[in-house]
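Because the structure is predicted, anything quoted here is derived from the model rather than measured. The analysis underlying the following values was restricted to heavy atoms, covering all of them including side chains, and did not include hydrogens, waters or symmetry mates.
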Amino acid sequence: MASLHTLSKSFPGWVFFCCCCCLPLLLTSSLPLKGTSTAHHACRLRKINFQQPYIRNRTYTLAKTVHASDKDTDNRLIGQQLFVNIRENNRCYMMKRVVELVVKDVLLTEVKSQYPYVEEVAQFLASLTSELSSCQFSGKRDHIEKNLEQMKNKMEELGENGKTKAIGELDLLFDYMENACTDTPKKGGNKKKN
């Protein structure tokens with residue numbers, strides 16, 4: 001049998017080489033890992049999405065700027081309460097829904113002209129939810145909808161300060177999304193604010 005080096009020099013040999021060596025690798029690399037569902041596999045983001053200093057700094061700066069004007073220290077929109085009764089394999093789906101809500105109902109409203117970096121952060125978050133477009137929940141949806149509804153109701157109850165609070169917690173949203181949707185959780189994530 002001819003060596004791979006010799007085969008790869010001719011076109012028919014190259015096709016043979018690719019079919020025998022590369023195709024099985026390509027096919028298996030696109031399949032979900034053993035023991036994971038397709039939905040769960042689709043609920044993953046690359047860690048590099050969260051390691052871009054530029055967008056991380058923009059998000060944290062925006063949150064810090066707006067958090068200073070949030071006088072309500074009793075309520076929190078982004079926190080562990082979002083995950084009450086939510087199985088771990090549905091947490092990324094939950095965060096995708098929360099991000100969609102914050103982008104649509106907060107960042108893309110009239111506030112986008114009030115604060116610096118709002119549009120950049122909104123575009124970044126929208127790109128993450130776009131990457132998660134095929135991410136679906138598994139099991140029952142009731143708890144997810146209930147927790148989302150509680151967050152929406154709390155935001156509406158707080159009125160204009162609800163939007164302020166949501167923007168002031170964008171750093172938390174960033175961290176929760178990173179922890180829920182990447183394979184390796186961020187060390188020291190989910191920090192608490194005073």
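Here the closest heavy-atom approach between residue Val106 and residue Ala166 is recorded as CG2-CB, 4.0 Å. The minimum heavy-atom distance between Thr164 and Val66, with the atom names listed, is O-CG1, 3.3 Å. Considering every non-hydrogen atom in both Glu169 and Leu77, the closest pair reads OE1-N, 3.0 Å. In terms of heavy atoms, Leu172 sits closest to Ile78 at CD1-O, 3.7 Å. When every heavy atom of Val111 is checked against every heavy atom of Val118, the shortest pair comes out as O-CG2, 4.2 Å. When every heavy atom of Ala180 is checked against every heavy atom of Cys92, the shortest pair comes out as O-CB, 3.4 Å.
Although no hydrogens or angles enter the test, the distance criterion places no donor-acceptor pair under 3.5 Å between the side chain of Arg56 and the main chain of Phe174. Judged purely by atom type and a 3.5 angstrom limit, Gln81 uses its side chain to pair as donor or acceptor with the backbone of Arg76. Put simply, the side chain of Asn90 gets close to the backbone of Ser138: a donor and an acceptor are under 3.5 Å apart. Checked by atom type and distance alone, the side chain of Ser130 never pairs as donor or acceptor with a backbone atom of Ala126 at under 3.5 Å.
Side-chain contact between Met95 and Leu173 is present, with at least one heavy-atom pair separated by less than 4.5 Å. The shortest side-chain heavy-atom distance between Tyr115 and Leu107 does not fall under the 4.5 Å cut-off. The shortest distance between side-chain heavy atoms of Glu178 and Asn49 does not fall below 4.5 Å. In this structure the side chain of Asp171 never reaches within 4.5 angstrom of the side chain of Lys64, judged on heavy atoms. Residues Leu45 and Met177 have side chains in contact (heavy-atom distance under 4.5 Å, counting atoms from C-beta outward). Here the side chains of Glu145 and Arg97 are in contact, with some heavy-atom distance below 4.5 Å. Put simply, the side chain of Arg141 reaches to within 4.5 Å of the side chain of Tyr93, judged on heavy atoms. Between Glu110 and Lys163 there is a side-chain heavy-atom pair separated by less than 4.5 Å.
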field: side-chain contact (heavy atoms from CB on, under 4.5 Å) between Leu158 and Asp72, intermediate numbers included
entry: CA-CA 9 Å; Leu158 294 170; Asp72 179 2; 3.2 Å; yes
- request: Start with the C-alpha distance between Thr129 and Val103, add both sets of side-chain angles, then the distance that settles side-chain contact (heavy atoms from CB on, under 4.5 Å), and finish with yes or no.
  value: CA-CA 10 Å; Thr129 60; Val103 169; over 6 Å; no
Disulfide (SG to SG under 2.5 Å) between Cys43 and Cys181, worked out: CA-CA 6 Å; Cys43 293; Cys181 297; over 6 Å; no
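The neighbour count for Arg46 CZ, taken as heavy atoms of other residues, nucleotides or ligands under 6.0 Å away, does not exceed 12.
Of the charged side-chain nitrogens involved, at least one lies within less than 4.0 Å of a carboxylate oxygen, so that Lys154 and Glu157 count as a salt-bridged pair.
Note that CD1 of Ile144 is 13.0 Å distant from NZ of Lys146, once rounded to the nearest 0.5 Å. Note: Asp175 CG to Leu170 CG = 11.0 Å, rounded to the nearest 0.5 Å. Separation of atoms CZ (Arg87) and NZ (Lys140) is listed at 10.5 Å; rounding is to 0.5 Å. Rounding to the nearest 0.5 angstrom, the gap separating the CD atom in Gln114 from the CD1 atom in Ile167 is 7.5 Å. Remark: Asn147 CG to Asn85 CG distance equals 7.0 Å, nearest 0.5 Å. Note: His143 NE2 to Leu82 CG = 14.5 Å, rounded to the nearest 0.5 Å.
Side chains of Asn75 and Lys165: no donor on one and acceptor on the other come within 3.5 Å.
A single hydrophobic cluster is seen to contain both Met151 and Leu108, as judged by linkage of ILVMFWY side chains at heavy-atom distances under 4.5 Å, directly or through other members. The hydrophobic cluster containing Phe50 also contains Tyr60, counting ILVMFWY residues as joined when their side-chain heavy atoms lie under 4.5 angstrom apart, directly or transitively.
Using bins of under 30°, 30° to 60° and over 60° for the plane-to-plane angle, the ring pair Phe83/Tyr176 lands in the tilted bin.
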